[in-house]
Structure formats: C-alpha cells, structure tokens
Amino acid sequence: MQFNVRSNERDYETDYDVIIIGAGAAGYSAGIYIKRSGMSVAILEREAVPGGNTALSPLVENYLGFKAIEGSDLAEEFRKHYSEYGKIITEIEVRNIKKEGNNFVIETNRETFTARAVIVSTGTTHRKMNVPGEEEYYGKGISYCSTCDGYLFKGKDVAVIGGGNSGAISALYLNGIAKNVSIIAHSKIKKCEDAYIKSLDEKKIPFILNAETEEFLGDGKKLTGLRYKDLVTGDEKTVNLDGVFIYIGVIPQTSFLKNIGVKLDSHGFIVTDDKCRTNVPGIYAAGDVIAGSEEQIATAVGDGSRAAITLYTDKMNKK
Ligand code: FAD
C-alpha cells in the first residue's frame, strides 16, 4: 500500500478562498483583513522564519506606535497578530501560478494549492554588485545582511556599500559592533533621509561619495578590502576592510508570475491600479513588490489592507 507521509503529517489544507504569497508586513496585514471579511486564508512563505525584510531590519524608528523597535521584534508582533486569524505555511516556495476554471492553481516546491484569489506580497531581495571578488568573498567578509552577520565583525573594520536608507540604517547598527564603519556610495549626494544623515554625522560615520567599487580584494581565504574609483578625480583608491555589507538596491520576487501573465514593469515589479489590482482578475499585489512602492513597512501594511479590501469588494460586486 502506498501513502504520502507528508500529507499524513500535514496540519493544513491545500484549498483556501485566498492564498497570500509572502509572510512580510504586506502579507500579514492582508491576511487579517481577508479573514475578518469571512474568507479562508493561508500565507505561503519561502523561508523557515517568516517576517520578510522587516525581520532583517536592525532598528525600526518610523513605524507608528513603536518609537524604536528591532525589526525581528516587530515582525514577531505581526506574526502573532496574524496567527490569531490564519495559517502561515513556511518553507513553501511558489514556483508557478495557473488558472483552471474558477481556481488559481499555485505550484510550489511541495504541494499544489488552489484558491479563488491570490495576493502577491513577495517583496524584494538584495541586488548584487557583479564586480570581481563578490562571489569569491561572499560569506568570507561580504554580506548582504547586517542583522544576520554584523556580530561576526565585533571590533573590526567594515564598510557599507550604498547610501540609501537601508545602507544608513545598517551603518548605524554596525557602529555599535564594529571598530570602524564607513559608507561608500556611488552617488554624488547622501541619498538617505535627513534623520539618518544627522545620526551618521553625530556618530562620525564617514560617508565616501562618488565612489564606484570596482573590485573586492582578498587573500584567497577572506576579504581584505576593496578598490574603488573616485568618480570626481578618476583616481583608483584602496580601503583595507574586514567586512563589507552591500545595500545597493533590490530585485522584486516575481519570476513565478511569468506564465499567468501578470503585467510587470521593466524592472520586474508588479504593475497595479490604485486599488492593488493586477491586470489578471483575481490576482492582487501588495508591498515592496509593487511598481512605485515607497518600500516602507508602513506602506506595505497599508497596501496589504487595501489589496484585501479591494478583493472583498470585487467579490461582493460579482455576486
Ligand atoms: P518583504 O518584507 O520583503 O516580505 C516578502 C516575503 O515574501 C519574504 O518573507 C519572502 O521570503 C517571501 N517570498 C518571496 N518570494 C516568495 C515565493 N516565491 N514563495 C513564497 N514566499 C516568497 N522600512 C521601514 O519602514 N523602516 C525601517 O527602518 C526599515 N529598515 C530597513 C532596513 C533594512 C536593512 C532593509 C533591507 C529594509 C528596511 N525597511 C524599512 C524596508 C521594509 O523592511 C520593507 O519595506 C518591508 O519589509 C516590505 O514588506 P513586504 O511585505 O512588502 O515584503
């Protein structure tokens, strides 16, 4: 006799009124509204630990109701709140979506799920620099996550590459751990918010502008520094470093939407109307994955609620 061990152990269904893809701020927010509208819901999350980029943010100081909170703690508050309402199924990566009759069929690395509607809240992942040494020294001095790896650089010299908000927040976080922290940015101006510039100045964290990183240097076993070009003078400069944290932008997580025909912009972000509808009826999007997103926790939470309310309204209008 044949039986499927996983399905016997499973503590979740595979059919829901609404499937949400991605357990970040947007997905949790959408899930609460969906369930409170009387629909069944589950969130499918690729990682073992849910929370998305909120959980990876060292310190959040601009989310209403929390003057300053570690991202992992805020994400845990989100998880606990959503869990009062719906299921989170972790370590499930959505790979494809297709339509069969009234159902969306959601193919993953494990089971196949069905739902009458889908909210995509898959956010973004970090962009790579694609310069020599980046692959070789990844995990040997190069990281894309200061909260995950910062502790490895206690008392050492590190730099953050990228002068936007994420880079600034990471530099401020690393300042409490590493001996020396600097920010190296390709731009002519400091691109982060004034509040972060003020904090960086107060903590005397140097900002090296007009600096195009050309190569990561190492001894074959670990990173020893980097070489950059000064875009004003044209000079080549070398900095000795034990660690580098790269925050140069993001890539939307949308490759699984190719076959279903959801419209994406030229960078792969999802194009929606102002109510979070995509061009495919029944598929909605929320959070950082939307084209033109402000890439903030507050806006992701707002999008999640908007997507869920629109979905419910569309459903009611169809009746
Ligand atoms: P995400 O948080 O990215 O969540 C998406 C989820 O989808 C992830 O858990 C991912 O694993 C999952 N997923 C992706 N693809 C799949 C798939 N195919 N199948 C299943 N699951 C999938 N914002 C602020 O407002 N204040 C701050 O102080 C702040 N600091 C930040 C610091 C750093 C270092 C970073 C990187 C970001 C920071 N942000 C901050 C931005 C904020 O974290 C994001 O705007 C927010 O997390 C977006 O939420 P989201 O739900 O749209 O996406």
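Note that these values count all heavy atoms, side chains included, but never hydrogens, waters or copies made by symmetry. Start at 1 and go down the list; that is how both ligands and their atoms are numbered.
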| Protein heavy-atom partner closest to atom 49 (O) of ligand 1 - residue, atom, separation in Å | Ala300 CB, 3.6 Å
| query | Evaluating non-hydrogen atoms only, which member of Asp288, Thr90, Asp303 is closest to atom 52 (O) of ligand 1? | reply | Asp288
| Charged N-O contact under 4.0 Å between Lys80 and Glu76 | no
| query | To which protein heavy atom is atom 14 (C) of ligand 1 closest, and what is the distance rounded to 0.1 Å? | reply | Thr122 O, 3.3 Å
| Carboxylate-amine/guanidinium contact Lys229 Glu212, below 4.0 Å | no
| query | Hey, is Ile169 touching ligand 1 through its side chain, its backbone, both or neither, going by heavy atoms under 4.0 Å? | reply | side chain
| message | So if I count the atoms of ligand 1 from 1 in the order they appear, which ones are less than 4.0 Å from some heavy atom of Ala26? | response | 51 (O), 52 (O)
| field | Thr122 side chain to Gln253 backbone, donor-acceptor under 3.5 Å | value | yes
| request: Hey, can you tell me if Phe153 and Phe245 have their rings parallel, tilted or perpendicular (30° and 60° cut-offs)? | output: perpendicular
| Spatial distance of atom CZ (Phe269) from atom CG (Asp288) [nearest 0.5 Å] | 8.0 Å
| query | Looking only at atom types and distance, does a side-chain atom of Ser305 sit under 3.5 Å from a main-chain N or O of Ala30, one as donor and one as acceptor? | reply | no
| query | Take atom OH in Tyr144; do more than 12 heavy atoms of anything else shown fall under 6.0 Å from it? | reply | yes
| request: Flag the pair Glu111 / Arg10 as yes when at least one side-chain heavy-atom distance between them is below 4.5 Å, and no otherwise. | output: yes
| Should Tyr63 be listed as contacting ligand 1, given a heavy-atom distance under 4.0 Å as the test? | no
| remark: Within the 4.0 Å heavy-atom cut-off, what Gln253 brings close to ligand 1 is side chain
| task | Decide whether an N or O pair under 3.5 Å exists between Pro58 and ligand 1. | result | no
| Mind checking whether Tyr28 has a heavy atom under 4.0 Å from ligand 1? | no
| task | Within a distance under 4.0 Å of any heavy atom of Glu295, pick out the atoms of ligand 1 and give their elements. | result | 41 (C), 45 (O)
| remark: Of all protein heavy atoms, the one nearest atom 3 (O) of ligand 1 is Gly123 CA, 3.5 Å
| Can you tell me the protein heavy atom closest to atom 17 (C) of ligand 1 and the distance? | Val94 N, 3.8 Å
| field | Numbered atoms of ligand 1 (with element) below 4.0 Å of Thr124, judged on heavy atoms | value | 3 (O)
| Ile92 near ligand 1, heavy-atom distance under 4.0 Å? | yes
| said: What I want to find out is whether Lys35 reaches Asp17 closely enough, with some N-O distance under 4.0 Å, to be called a salt bridge. | reply: no
| query | For ligand 1, which atoms sit closer than 4.0 Å to a heavy atom of Leu59? | reply | 28 (O)
| query | Is there a side-chain contact between Thr114 and Val105, using heavy atoms and a 4.5 Å cut-off? | reply | yes
| request: For atom 42 (C) of ligand 1, find the nearest protein heavy atom and state the residue, atom name and distance (0.1 Å precision). | output: Ile297 CG1, 3.7 Å
| query | Would you find more than 12 non-hydrogen atoms of other residues, nucleotides or ligands less than 6.0 Å from Glu193 atom CD? | reply | yes
| query | Which of the atoms in ligand 1, numbered in the order shown and given with their element, are less than 4.0 Å from a heavy-atom of Phe256? | reply | 18 (N)
| message | Quiz question for you: does at least one protein heavy atom lie closer than 4.0 Å to atom 39 (N) of ligand 1? | response | no
| For Ile21, the ligand 1 atoms whose distance to one of its heavy atoms is below 4.0 Å | 19 (N), 20 (C)
| Lys/Arg-Asp/Glu bridge criterion (N-O < 4.0 Å) met for Glu135, Lys128 | yes
| said: At less than 4.0 angstrom from any non-hydrogen atom of Ser57, what atoms of ligand 1 do you find? | reply: 28 (O), 29 (C), 30 (N), 31 (C), 32 (C)
| query | Is there at least one pair of N or O atoms, one from Glu93 and one from ligand 1, spaced under 3.5 Å apart? | reply | no
| Sub-4.5 Å side-chain heavy-atom contact between Ser121 and Val289 | no
| said: Within ligand 1, which atoms have a heavy atom of Glu47 less than 4.0 Å away? | reply: 11 (O)
| query | How does Thr125 reach ligand 1, if at all, at less than 4.0 Å between non-hydrogen atoms: by side chain, backbone, both, or neither? | reply | neither
| query | Under 3.5 Å, N or O to N or O, is Tyr247 touching ligand 1 that way? | reply | no
| said: Would you say that Asp73 contacts Phe66 through its side chain, given a criterion of any heavy-atom pair below 4.5 Å between the two side chains? | reply: no
| To the nearest 0.1 Å, how far is atom 7 (O) of ligand 1 from its closest protein heavy atom, and which atom is that? | Gly22 CA, 3.2 Å
| query | Has Ser121 got any heavy atom lying under 4.0 angstrom from an atom of ligand 1? | reply | yes
| task | Output yes when a side-chain donor or acceptor of Asp303 lies under 3.5 Å from a complementary backbone atom of Gly287, and no otherwise. | result | yes
| Location of contacts on Asn62 toward ligand 1, heavy atoms closer than 4.0 Å | side chain
| request: State plainly whether the residues Asp314 and Lys275 are in salt-bridge range, i.e. N to O under 4.0 Å. | output: no
| message | Any heavy-atom pair between the side chains of Tyr85 and Val41 that's under 4.5 Å? | response | no
| note | Candidates Ser166, Gly52, Ser170; heavy atom nearest atom 35 (C) of ligand 1 found on Ser166
| Quick one: does Val289 get an N or O within less than 3.5 Å of an N or O on ligand 1? | no
